[in-house]
*Asks:* 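To start, I am sharing the structure in question, which I have written as structure tokens.
No experiment lies behind these values; they were computed from the predicted model shown. Side chains are part of it too, since the values below use all heavy atoms of this structure and drop only hydrogens, waters and symmetry mates. Chain naming here is simple, since letters A, B, ... match the order of the sequence lines and numbering starts at 1 in each.
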Number of protein chains: 2
Amino acid sequence: MSETKDRPYHHGDLRRALIDTALAMLALDQNWAFTLREVARRTGVSHAAPYKHFRDKGVLLRELARIGFVQLGDAMTAALSSDISSMRGKFVAAALACIDFALHNPGLYHLMFSSDADKTADRQLHDAAMNTFGILLRFLEEAQRSGSFRSVPVSAQAAACWAQVHGLAMLALNRQLLEEKVGNEPVQAALDVLLDGLCRGEWDRTRV
Amino acid sequence: MSETKDRPYHHGDLRRALIDTALAMLALDQNWAFTLREVARRTGVSHAAPYKHFRDKGVLLRELARIGFVQLGDAMTAALSSDISSMRGKFVAAALACIDFALHNPGLYHLMFSSDADKTADRQLHDAAMNTFGILLRFLEEAQRSGSFRSVPVSAQAAACWAQVHGLAMLALNRQLLEEKVGNEPVQAALDVLLDGLCRGEWDRTRV
DNA sequence: CCTCCATGTTTACAGGAGAAACTTATCGGG
DNA sequence: CCCGATAAGTTTCTCCTGTAAACATGGAGG
């Protein structure tokens with residue numbers, strides 16, 4: 001009522017409020033059907049109000065996915081800029097950051113990599129995804145320059161890493177990384193196998 | 001009319017007909033919303049008829065996913081039993097078979113690895129998925145015994161392979177394997193990186 | 001101060017999930 | 001050979017969703 005904020009009209013930045021509500025729900029439930037009406041309800045507005053800010057459901061979904069890629073990129077950057085010395089260690093940290101992000105934002109992660117968020121339909125979403133991928137590319141270039149990683153086309157290593165981490169995240173989300181299937185430390189173990197293919201020379205697993 | 005088959009009553013195995021219709025649609029469109037009514041319509045029955053054979057939509061979805069895992073397993077088995085000599089070659093063949101399966105059954109593949117097909121809710125689905133995974137496990141055991149692959153816990157290699165192939169398939173399906181991102185032969189290149197981590201010794205890439 | 005328009009609300013409609021009541025055809029038994 | 005019982009399919013109904021259109025409101029600019 002007495003808000004002096006720059007809230008535009010009635011509600012006060014309903015656009016942001018809707019996004020926040022949706023993000024909160026996507027963080028809680030990967031199986032949420034994502035109904036626009038539920039978002040509106042939880043935000044305390046009528047079910048038609050969102051249409052004043054998003055032409056349709058898809059526009060909101062893509063905006064949420066875009067935010068997800070930015071957040072994921074931030075998490076990766078943070079992990080890579082930690083004071084871990086070895087490239088191998090940095091890689092593991094970044095991969096775990098991705099998987100952590102997925103586990104803490106299951107719905108959002110699913111959305112980001114689902115075709116509901118069609119990247120060809122939204123330039124900004126496409127750019128955000130490319131930016132995040134670029135973080136991986138730059139890291140691999142550096143790791144090759146430093147001699148830690150083998151000198152093969154960066155694009156090949158990037159595809160392998162992207163696929164592997166994404167695959168691990170999806171499997172973790174869907175609870176398909178059960179012990180009976182893949183042992184008790186599946187993520188670390190799988191990353192070690194990948195790293196054996198990325199890194200130059202041998203690596204003493206027992207030292208880790 | 002003159003059928004002597006054991007078809008139950010009116011339609012003639014409506015259950016099978018519904019499954020076939022659904023599979024056909026899942027093969028065509030990964031973005032299909034999958035409405036039970038559309039399946040019924042295309043099968044030529046009323047929208048309530050499917051409920052006589054599937055308690056709810058989820059039961060049908062899980063049955064479809066189960067069939068998908070069986071088919072995927074068959075594709076993998078076929079690829080592995082080809083007359084390719086090297087373990088490395090066999091692995092690539094099996095991985096490509098998986099990705100091919102995904103590209104030819106985009107909707108079904110999505111369904112199989114989505115949480116719509118909750119594996120904890122259906123024993124038969126769970127078993128089918130485990131069976132398919134078992135094909136990979138047995139191959140890795142053989143590859144290690146033969147000396148082609150490194151002797152590390154099979155579960156670790158399995159997790160890495162499963163994640164990588166699944167990740168590649170998902171990225172391919174969502175058209176995220178664009179050249180600008182990952183070069184022009186992303187699948188083969190990514191598998192090579194993974195194989196460098198799986199295999200013992202060095203491998204002359206130029207010979208392939 | 002008054003009017004305009006961005007931002008809301010209400011109302012309306014098409015389509016889906018699923019339950020319940022109703023219909024029909026097949027089968028096993030008298 | 002007819003007769004319920006019952007499986008299989010249809011109609012109808014309720015509740016939900018996405019989305020469009022009509023209506024309301026209140027803050028900003030003339």
*Asks:* Think A:Arg37 has a side-chain N or O under 4.0 angstrom from the OP1 or OP2 of D:dT19?
*Replies:* no
*Asks:* Are the ring centres of A:Tyr109 and A:Phe69 closer than 6.0 Å?
*Replies:*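 No, they do not, as the ring centres are separated by 6.0 Å or more.
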*Asks:* What integer distance in Å separates B:Arg55:CZ from C:dA17:P?
*Replies:*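 In whole Å, C:dA17 P lies 17 Å from B:Arg55 CZ.
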*Asks:* Determine whether a donor-acceptor pair (N or O, by modelled atom type, separation under 3.5 Å) exists between the side chain of B:Gln164 and the backbone of B:Leu191.
*Replies:* no
*Asks:* Taking for each residue the nucleotide of DNA chain D bearing the nearest heavy atom, is the 5' side occupied by B:Gly44 or by A:Gly58?
*Replies:* B:Gly44
*Asks:* Base, sugar-phosphate, or nothing: which does A:Phe54 touch, judged by heavy atoms less than 4.0 Å apart?
*Replies:* nothing
*Asks:* Checking contacts here: which listed nucleotide (C:dG18, C:dT9, C:dG8) is nearest the side-chain heavy atoms of A:Ser46?
*Replies:* C:dT9
*Asks:* Whether A:Lys52 contacts C:dA6 is assessed here as follows: a side-chain N or O lying under 4.0 Å from the phosphate OP1 or OP2. Is that the case?
*Replies:* no
*Asks:* With a cut-off of less than 4.0 Å, is there a side-chain N or O of A:Thr35 near OP1 or OP2 of D:dT17?
*Replies:*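 Indeed, a polar side-chain atom of A:Thr35 lies that close.
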*Asks:* Calculate the interatomic distance between B:Phe34 atom CZ and C:dG16 atom P; express it in whole Å.
*Replies:*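 So the CZ-P distance, B:Phe34 to C:dG16, works out to 13 Å.
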*Asks:* In this structure, how many angstroms lie between the P atom of C:dG18 and the CG atom of B:Leu60, rounded?
*Replies:*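 Spelled out: CG on B:Leu60 to P on C:dG18 is 11 Å.
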*Asks:* Could you give the CG-to-C1' distance, from A:Leu14 to C:dT7, as a whole number of Å?
*Replies:*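 Atom CG in A:Leu14 sits about 9 Å away from atom C1' in C:dT7.
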*Asks:* Remember a base hit wins even if backbone is also touched, and classify B:His47 as base, sugar-phosphate or nothing at under 4.0 Å, heavy atoms.
*Replies:* base
*Asks:* Among D:dT19, C:dG8, C:dA17, which nucleotide sits nearest the side chain of A:Leu36?
*Replies:* D:dT19
*Asks:* Could you tell me the separation between the OH atom of B:Tyr51 and the P atom of D:dC13, rounded to a whole number of Å?
*Replies:*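 That distance rounds to 18 Å.
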*Asks:* If I take atom CZ in residue B:Arg42 and atom P in nucleotide C:dG16, what distance separates them, rounded to the nearest angstrom?
*Replies:*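 After rounding, the gap between these two atoms is 12 Å.
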*Asks:* So what does A:Arg41 hit on the nucleic acid, given a heavy-atom distance under 4.0 Å: a base, only sugar-phosphate, or nothing?
*Replies:* sugar-phosphate
*Asks:* Does anything in residues 32-53 of chain B pair up under salt bridge (Lys or Arg N to Asp or Glu O under 4.0 Å), and if so which pairs, sequence neighbours excluded?
*Replies:*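 Checked against salt bridge (Lys or Arg N to Asp or Glu O under 4.0 Å) - neighbours excluded - the pairs reaching residues 32-53 of chain B are B:Glu38-B:Arg41, B:Glu38-B:Arg42.
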*Asks:* Could you give all pairs that pass the ring-ring contact (aromatic ring centres under 6.0 Å, His included) test and reach residues 32-51 of chain B, with sequence neighbours left out?
*Replies:* B:Trp32-B:Phe34
*Asks:* Out of C:dG18, C:dT10, D:dT11, which nucleotide sits closest to the side chain of B:Ala48?
*Replies:*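 Looking only at side-chain atoms, B:Ala48 lies closest to D:dT11.
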*Asks:* Using a strict threshold of under 4.0 Å (side-chain N to carboxylate O), is an ion pair present between A:Arg66 and A:Asp122?
*Replies:*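 No, A:Asp122 and A:Arg66 are not salt-bridged.
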